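The figures that follow rest on heavy atoms only: side chains count, while hydrogens, waters and symmetry mates do not. Count residues from 1 along the sequence. All ligand and atom numbering here is 1-based and tracks the order in the structure. Since the model is a prediction, treat every value here as computed from it, not as a measurement.
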Amino acid sequence: MTDNPYLTHRKLRERDLGSSKSNPTEKQPLNGFLPRKVTGPQVRTALEYDTNPFTKQPYSKQYKTLLEARKKLPIYAQMDEFLKMFSEHQIIVIIGETGSGKTTQIPQLVAYSDLPHIKGKVVACTQPEHVAAMSVAKRVADELDVQLGRQVGYSIRFEDMTELGTTFLNYLTDDMLLREAMNDPTLERYSTIILDEVHQRTLATDILMSLLKNIARKRPDLKIIVMAATLNALKFQKYFNLRSDVKVPLFKVPRSTHPIEVFYTQEPEFDYVEAAIRTVLMIHRAEDQGDILLFLTGEEEIENACRKIKLEADDLLNQNPDSIGPLVCIPFYSSLPPQQQQRIFDSAPGPRTPNGPTGRKVVVSTNIAENSLTINGIVYVVDPGVSEQKVYNPRIRVESLLVSPISRASAQQRASHAGRTRSGKCFRLYTEKDFKNELEEGTFPEILRSNLSSTVLQLVKLGIKDLVRFDYIDVPAPEALMRALELLNYLAALDDDGNLTALGAIMAEFPLDPQLAKMLIVSPEFKCSNEMLTITAMMSVPNVWLRPNNQRREADAAKALLTVPDGDHLTLLNVYNQYVQNQYDKNWTWQHYLSQHALQQADNIRTQLKSIMERFDIDLISLSDEKKLYQNIRQALVCGFFMQVAHKEGDKGNYLTVKDNQVVALHPSCGLGTQPEWVIFNEFVLTTCPYILTVSEVHPEWLIEFSGNYFDLSSFPNGETKRALQRVVNKKAGKMGRNDGGANKQSSKKRN
Ligand code: CDP
Ligand code: MG
């Protein structure tokens with residue numbers, strides 16, 4: 001690393017930019033560009049040039065069309081100002097409303113100034129949502145007239161769409177960059193790192209802010225840009241002040257929206273889904289042309305709402321063909337296959353008859369549309385005021401998704417989508433009084449409401465010793481940190497002094513929760529690593545089962561055929577194996593009501609995890625005896641998920657989670673043939689009552705044998721669970737008394 005990053009660049013410039021010395025007749029689009037001293041007029045000239053400086057090819061027609069659209073973005077007019085600020089500062093904070101051009105334009109301007117393709121560096125732009133990373137990378141590749149995956153790419157968990165040495169602009173999810181920092185603590189290959197959507201305050205973005213602040217001190221050549229959509233920029237500016245004499249400047253993109261009229265309900269709504277459907281239909285009947293964006297919380301709710309809206313709208317159309325146009329309803333959530341996600345950019349349907357009224361598009365979306373995506377043509381926004389949010393309760397160690405009220409900042413964000421094309425309307429399905437008095441000001445940072453075990457493992461791997469005094473932008477609750485340290489210690493990822501163990505170092509390399517990583521790494525000892533690999537991959541994708549509303553019975557019958565009564569994990573294994581045996585056949589998945597997209601994803605994830613296992617010499621083995629294999633698989637599960645065990649209480653079919661004493665029930669989707677006394681589970685959901693999901697039967701002896709530390713009875717709360725475990729211990733002691741030597745053999749398998 002040199003103190004003057006420009007020295008080497010100048011030499012490179014002469015070689016690669018085609019300076020007049022080397023080729024006097026040839027004009028080059030980047031002629032005269034001095035790295036990080038590039039000006040607005042220079043960039044504008046290059047944009048209008050005939051040749052693409054990055055591919056050396058003539059520009060396409062599409063390039064010109066997109067360029068005209070880019071010129072209309074508010075940020076385009078501020079190009080000179082931005083490039084000047086970028087030249088003069090190491091760290092910049094940018095704020096501007098959604099749709100102003102931050103995510104698509106700023107990284108391109110940085111690339112023109114940094115010239116990473118010449119320096120052999122990369123400009124990174126992080127996104128909290130993988131959907132946003134993919135869709136923005138595609139858009140920017142089009143705008144730069146290059147192929148996606150070559151000069152411009154994206155990296156999300158389990159999918160790397162970049163080319164080493166060619167990609168100079170990478171849109172990647174925040175957790176991917178964090179992962180990279182574990183092996184390259186100064187993120188050497190990047191010239192500039194842009195953290196986007198920081199106001200969303202995801203866990204990974206928060207940690208990245210702390211790391212980058214630290215790296216910036218060690219690497220004066222690294223530039224950092226922090227972008228947010230809300231006005232609370234001061235907090236970020238203050239946080240990034242490395243020295244008291246240099247202030248982090250703020251770059252403001254002016255408002256680009258047209259006026260928006262906001263309506264509230266008179267009374268609180270008790271059923272927000274019904275109210276939302278009613279409002280969409282009201283707009284369709286009574287309001288002028290223009291598309292609608294409705295925010296709901298999750299996949300099932302969205303699909304149901306789409307179906308109901310469509311039914312009613314078709315009815316309306318048949319009754320009033322002269323006054324009401326056709327309507328298309330487009331669902332949008334992150335587990336939707338990419339081709340279907342792309343549908344939100346389709347135009348609204350035309351009129352049904354030549355002179356009839358024109359059609360309307362309704363996008364029904366989760367919170368993803370709030371921040372990271374801009375859908376053109378939206379004039380009406382329907383905002384029920386809720387979203388699905390992750391909530392962690394460290395006392396009972398449970399992280400769950402809960403439908404919770406959004407913040408006032410979120411409500412403003414949602415409304416702003418209505419004013420992008422022309423003046424619009426936002427219908428809030430709550431009272432003005434609630435907006436003012438009940439909603440929180442801003443989004444509650446994820447670091448304050450998450451299970452921190454993955455993060456703590458990464459921080460320890462990064463060499464951060466004092467987790468409590470680490471420079472967080474918001475300090476997490478000590479209890480959440482303690483819980484994470486405790487879990488990692490039980491998993492043997494950290495020793496009793498909090499140091500990383502050899503096992504922990506490998507665990508951190510897997511893009512998985514520590515529990516999943518642990519069970520995968522120990523699985524060769526149980527001779528079932530091929531199977532655990534499959535199960536882990538299947539658990540890393542959204543639900544593979546389809547259950548269309550009008551074919552629920554058929555779907556359930558198809559599922560029953562593939563179900564293994566000993567546990568849902570074995571069912572997942574069976575589904576994958578049958579999918580492979582049937583040659584990945586679309587018809588087979590269709591007939592069995594399985595999601596082809598989810599299974600394909602699982603297959604891809606399996607390949608990626610397999611290569612990590614091979615890198616660490618973790619053997620891939622299987623047992624041929626199926627009965628023994630099925631038992632060993634569940635034993636390996638215990639090695640990772642011993643903290644997620646429940647014991648049956650009484651005859652009502654209720655379960656009590658071990659140690660934390662939460663009353664839970666088996667979810668209706670669970671395929672267990674009986675109600676076993678002990679179960680291990682992977683998910684916990686709170687709907688009408690607390691349910692456990694993805695459940696398998698386990699034997700209490702395994703709990704004591706493979707996770708003895710956690711199941712140490714002297715530290716156990718009194719109760720039926722403890723008594724049941726005590727009986728197992730006593731029985732075992734009795735057996736051992738009769739049969740010397742057994743203890744040694746068994747303890748060799750013990751992992752904790
Ligand atoms: O980041 P910010 O919300 O400020 O704006 P952006 O994502 O850069 O979007 C700027 C404009 O690019 C939008 O108004 C859309 O017209 C267009 N865009 C698009 O057409 N497709 C995308 N996937 C992303 C952006
Ligand atoms: Mg953006």
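Atoms of ligand 1 lying under 4.0 Å from at least one heavy atom of N376, given by number and element, are 16 (O). Residue S135 approaches ligand 1 through these ligand atoms, each under 4.0 Å from one of its heavy atoms: 23 (N). Every atom of ligand 1 is numbered from 1 in the order shown, and the set under 4.0 Å from a heavy atom of E97 is 4 (O).
Between the side chain of T192 and the backbone N or O of I224 there is no donor-acceptor pair closer than 3.5 Å. K361 places a side-chain N or O within 3.5 Å of a backbone atom of D346 that can act as its donor or acceptor partner. No donor-acceptor pair under 3.5 Å is formed between the side chain of K119 and the backbone N or O of S191.
Residue-to-ligand polar distances place G99 within reach of ligand 1: an N/O pair is separated by less than 3.5 Å. At under 3.5 Å, a nitrogen or oxygen of K102, whether backbone or side chain, sits near a nitrogen or oxygen of ligand 1. At a 3.5 angstrom cut-off on N or O pairs, T104 counts as close to ligand 1. Below 3.5 Å of separation, one finds an N or O of S100 facing an N or O of ligand 1. Considering backbone and side-chain N/O of T103, one or more are found under 3.5 Å from N/O of ligand 1. Checked against a 3.5 angstrom limit, the closest N/O atoms of G101 and ligand 1 fall inside it. Inclusion of Q105 in the set of residues having an N or O under 3.5 Å from an N or O of ligand 1 is not warranted.
Between H117 and F168, the angle of the ring planes lies from 30° to 60°, which puts this pair in the tilted group. The aromatic rings of F427 and F263 lie parallel to each other, their planes meeting at an angle below 30°, with 60° marking the opposite boundary.
Contact annotation: T103 places an N, O or S atom under 2.8 Å from the Mg ion (ligand 2).
Among Q413, H417, E197, the single residue meeting the side-chain hydrogen bond (donor to acceptor under 3.5 Å, both in side chains) criterion with T98 is Q413.
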Under the side-chain contact (heavy atoms from CB on, under 4.5 Å) criterion, do D145 and Q57 qualify, and how do the steps go? CA-CA 9 Å; D145 215 12; Q57 299 292 314; over 6 Å; no
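Atom 19 (C) of ligand 1 has its nearest heavy-atom neighbour, among R70, Q413, R139, in R139.
The closest protein non-hydrogen atom to atom 14 (O) of ligand 1 is T374 CG2, 3.5 Å. If you check which protein heavy atom lies closest to atom 11 (C) of ligand 1, you get L73 CD2, 3.9 Å.
Between Y112 and F54, the distance from one ring center to the other falls under 6.0 angstrom.
Checked for salt-bridge contact, R44 and E48 miss the test: no charged N lies under 4.0 Å from a carboxylate O.
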